[in-house]
Protein chains: 2
Amino acid sequence: MDKQTVTIYDVAREAEVSMATVSRVVNGNTNVKPATRKKVLDVIDKLDYRPNAVARGLASKKTTTVGVIVPDVTNMYFSSLARGIDDIAAMYKYNIILTNSDSDDEKEVQVLNTLLSKQVDGIIFMGNEITDQLREEFKRTKTPIVLAGSVDDQNINPSVNINYAAAVQEEVKNLIDRGNKRVAFVCGPLKYAINGKYRLKGYKQALKDAGIPFDEKLIFETDSKYKTGTLLQPALSSAGATAAVATDDELAAGIMNGMTDAGVLVPKNFEVITSNDTKLTEMVRPKMSSITQPLYDIGAVAMRLLTKLMNDEPVNEKEVLLPYGLMKRESTK
Amino acid sequence: MDKQTVTIYDVAREAEVSMATVSRVVNGNTNVKPATRKKVLDVIDKLDYRPNAVARGLASKKTTTVGVIVPDVTNMYFSSLARGIDDIAAMYKYNIILTNSDSDDEKEVQVLNTLLSKQVDGIIFMGNEITDQLREEFKRTKTPIVLAGSVDDQNINPSVNINYAAAVQEEVKNLIDRGNKRVAFVCGPLKYAINGKYRLKGYKQALKDAGIPFDEKLIFETDSKYKTGTLLQPALSSAGATAAVATDDELAAGIMNGMTDAGVLVPKNFEVITSNDTKLTEMVRPKMSSITQPLYDIGAVAMRLLTKLMNDEPVNEKEVLLPYGLMKRESTK
DNA sequence: CTGAAAGCGCTAACAG
DNA sequence: CTGTTAGCGCTTTCAG
């Protein structure tokens, strides 16, 4: 299967120079006389020569491709991050190998290893949980790995996130300030640090600050799916909740629709606020109030950080926290 | 930057065999005595040897990675396809290099070339339009390329789609049968064959079958964006449309919300039906009726087709049309 | 069933 | 400014 027949050797011969010279002009090395450069360029054009990146990768030990591990591209939160990553990657002439892990621990380590075997220059990991095994794998390799929109409670790898705890704390505080005594916390699996450790912490802190006792019954641990949200109304109502903060937009949309369908008016009788500010927040009715996260930027900054790491450039911040905000729309009073 | 230090040579020496033998066990070649196989495997495990896929790619001329070109992963239509592609790719041990083209002609050919230079074994292209230049590039390479959810009116490359014309025709017919005399066709750019050629054809045919004259004023050419949809109500209303078929779910959601916000009841006073059946259709209110497309499957089938092409296996169908359906939800009567 | 040897196409010293 | 020469790590005949 001769995908490509013309090699650097062909153009060298045709241009009557050495392959080293061809290599130099291809790589933009300045130490080439303009005349020979032109000659080589002409031959390259004439022969339609296209450098073989695989050979180049083998010789130079750089592939200009980075691996991206993501739970599911189909989820707008992650696809937004992925878009930011790819754009910056393209800007720096990298390509992305994108793999879906379904947050499956085994798949994650397996995929990490195939990425490593493909000699990617770096990896961006998005995932809900860094298991011990995964953390070990991370440590074993010298290939730089940065986490995007994903927290590791042991903070070993560089990462870019927002301050989830503070964001949740702030939104819960607002809810309480508006008179909600019973605010539900509807989240994804609590075993994920981002939920169980950070967001929940913010939730509890807000309660504490307001002198409201924590009530286990108001914590709803889910799978973050839209469908699940739609089914929550009975439980939420019987728990006496008058508001909910959800950790995922689809989940929040489900909650809201479930409420509305059951005749509970949002936000009049039940307020809901979500966490990711994907474009879904604008499409549902009422529009959802949300913590705003610079999703695209989280990906972009993570990729930018990775480029520095890959070039052994100094980085001043290994744990960057991007600013978040609170966007009031129609699902809160 | 020694990403990896242990090579096939190391394990060969340590296991006291030749590197050819190591290569054989790594590649599952059966011509190896069980005893030596075990010995080699043990050493591999002990040394934590991981084959270098780049070297392997150079030697074997196969990279087990395929390129995927997509307008924007952030769009649920495409991310759904991408997910199908990646799943099947993983099943066949391929990885995906994912690139966003923004439907930019130049970017598309440029990205195609970098993919080719990276020696991908195959490419899946998703895009709204195959320009002449792109078509030329497609022809020039021996690397198999299949189109997923994308039509080329010259049908040169293998592709997997649904019958867009028939689907639109059917949904417009239904709308007409329910008494709508003036059905708007709200689409993305008409220069894209999928819109201007296929879907519009179906629209016109339905009109013709019903003896309704075609009216230019009912064609709304847009950029397929949600926002654009929200702004369409005045134009739609003044054109006397009582229903609309939209070629994109986000666009349709925009139209619907725009109508609702203007006090036009959907579906009572205005019916809308969309085309992609992404999960968004279930999240908005009223839920959107839609042509159903097996999005995931389109990607999956395209990838499966590509695997056959990459292995020079015979394929009986180069242009596969997957079944579509019509899902009645709440935005139509 | 196993080994020797010749590349795959390119980069990177090292000379000159 | 340019050429020579080793490899990069692995697959793949070809022998035996």
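Please read all numbers here as calculations on a predicted model, not as lab measurements. In what follows, chains carry the letters A, B, and so on, assigned in the order in which the sequence lines appear, proteins first and then strands, with residues in each chain numbered from 1.
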On a heavy-atom basis, the closest approach of A:V111 and A:I69 is CG1-CD1, 3.5 Å
Worksheet item: So A:N157 and A:R135, side chain to side chain donor-acceptor pair (under 3.5 Å) or not? Walk me through it.
Response: CA-CA 9 Å; A:N157 292 284; A:R135 202 177 290 115; over 6 Å; no
Contacts satisfying ring pair (Phe, Tyr, Trp, His ring centres under 6.0 Å) that involve residues 91-123 of chain A (not counting sequence neighbours) are none
Here the distance between atom P of C:dG9 and atom CZ of A:R13, to the nearest Å, is 13 Å
Against the side chain of B:T21, the closest entry in D:dG9, C:dT2, D:dG3 is C:dT2
Quick note, B:P51 side chain, CB onward, closest among D:dG7, C:dA12, D:dC10 is D:dC10
With a cut-off of less than 4.0 Å, is there a side-chain N or O of B:Y9 near OP1 or OP2 of C:dG3? no
Salt bridge flag under 4.0 Å for residues B:R304 and B:D87:
no
Rounded to whole Å, CZ of B:R24 lies from P of D:dG9 at a distance of 21 Å
Ranking A:S60 and B:K33 by the position along DNA chain C of their nearest nucleotide, the one closer to 5' is B:K33
B:I8 CD1 to C:dT2 C1', in whole Å, measures 14 Å
- Can you find a side chain N or O atom of B:K61 that sits less than 4.0 Å from OP1 or OP2 on D:dC10? no
Does B:S18 place a side-chain N or O at less than 4.0 Å from the phosphate oxygens OP1/OP2 of C:dA4?
no
Here the distance between atom C1' of C:dC10 and atom NZ of A:K62, to the nearest Å, is 15 Å
* Counting any heavy atom closer than 4.0 Å, what does A:V17 reach on the DNA or RNA strands: base, sugar-phosphate only, or nothing? -> sugar-phosphate
Of the candidates D:dC8, C:dT11, D:dT11, the side chain of B:S23 sits closest to D:dT11
From CG of A:N52 across to C1' of C:dG7 the rounded distance in Å is 14 Å
Rounded to whole Å, CZ of A:R37 lies from P of D:dT2 at a distance of 9 Å
From CG of B:L58 across to C1' of C:dC8 the rounded distance in Å is 4 Å
Point to revise | N/O (side chain, B:R56) to phosphate O (OP1/OP2, D:dT11) under 4.0 Å | key: yes
*If only side-chain N and O atoms of A:T7 are considered, is one of them under 4.0 Å from the OP1 or OP2 phosphate oxygen of C:dC8?*
no
Taking D:dC8, D:dT2, D:dT11 as options, the one with an atom nearest any side-chain atom of A:A59 is D:dC8
query = In terms of side-chain geometry, is the basic nitrogen of A:R13 or A:D10 positioned less than 4.0 Å from the acidic oxygen of its partner?
reply = yes
Between CD1 of B:I44 and P of D:dG9 the distance, given in whole Å, is 16 Å
Does the side chain of B:N27 get closer than 4.0 angstrom to OP1 or OP2 of D:dT11 through an N or O atom?
-> yes
